[in-house]
Amino acid sequence: MFTRVCKAETVPEGGMRLVIADNHLIVLAWPDNAEEMKAFQGVCPHSNTPLNEAEFDGTIITCPLHYWTWDLNSGDPVEPQECPLAQYPVKVEDGVVYIDTEGVTPLFAAP
Ligand code: FES
């Protein structure tokens with residue numbers, strides 16, 4: 001079931017923000033040149049740290065703690081190639097962003 005999270009205008013192209021849907025902390029991003037917004041787990045797969053202080057350059061998100069990086073077009077890990085970010089379905093209707101959390105759980109690197 002899709003849950004309303006925010007207005008689409010709060011995420012410009014090349015930007016990101018954290019949102020909450022159904023108690024899931026979620027990174028909502030609009031990567032440069034992407035046709036649509038993307039949503040991924042909002043906690044780092046390394047040690048479950050919230051990614052609210054993460055840097056986003058329009059393509060790559062960097063966790064501030066140990067600088068692991070992911071491509072927010074896909075959620076694939078860049079460096080190290082340890083663990084992807086879980087992705088959530090997103091839709092935008094009438095300027096409002098909705099995310100479906102059903103069946104999605106954050107992924108974590110093996111300790
Ligand atoms: S907690 Fe994110 S890289 Fe270590």
Side-chain angles (χ1 to χ4, degrees):
M1 191 184 74
F2 280 89
T3 302
R4 177 191 175 112
V5 292
C6 65
K7 290 187 173 174
E9 66 191 25
T10 62
V11 185
E13 184 171 1
M16 66 153 246
R17 61 174 290 184
L18 264 76
V19 296
I20 291 175
D22 302 323
N23 291 322
H24 293 233
L25 186 63
I26 295 171
V27 167
L28 177 63
W30 183 5
D32 287 335
N33 303 314
E35 290 184 358
E36 55 195 15
M37 292 196 198
K38 316 269 181 168
F40 301 95
Q41 70 187 66
V43 292
C44 180
H46 185 208
S47 70
N48 205 0
T49 302
L51 289 170
N52 54 320
E53 303 278 314
E55 296 256 325
F56 182 50
D57 71 359
T59 303
I60 304 295
I61 189 171
T62 304
C63 178
L65 248 60
H66 312 100
Y67 309 111
W68 287 23
T69 52
W70 295 266
D71 185 331
L72 288 193
N73 287 288
S74 60
D76 289 340
V78 179
E79 183 63 41
Q81 297 267 316
E82 284 279 347
C83 181
L85 299 175
Q87 187 166 10
Y88 295 85
V90 184
K91 69 178 182 184
V92 179
E93 280 179 8
D94 297 329
V96 176
V97 182
Y98 299 82
I99 294 176
D100 184 5
T101 61
E102 193 171 328
V104 183
T105 50
L107 302 171
F108 295 101

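In this chain, residues are counted from 1 in sequence order. In each ligand, atom 1 is the first atom listed, and ligand 1 is the first ligand listed.
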Check the surroundings of atom CD in Glu53: do more than 12 heavy atoms from other residues, nucleotides or ligands lie under 6.0 Å from it?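 Incorrect, the count does not exceed 12.
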Does Gln81 CD have over 12 foreign heavy atoms under 6.0 Å away?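 Yes, enclosed.
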Are any non-hydrogen side-chain atoms of Gln87 and Lys38 less than 4.5 angstrom apart?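 Yes, their side chains come closer than 4.5 Å.
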Tell me the residues surrounding ligand 1, counting only those with a heavy atom closer than 4.0 angstrom, sorted by chain and number.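 Ligand 1 pocket, heavy atoms under 4.0 Å: Cys44, His46, Ser47, Thr49, Cys63, Leu65, His66, Trp68.
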[X] to [Y] - nearest heavy-atom pair and separation:
X	Y	answer
Met37	Trp30	CG-CB, 4.1 Å
Met16	Val27	SD-CG1, 4.0 Å
Leu25	Ile20	CD1-CG1, 4.0 Å

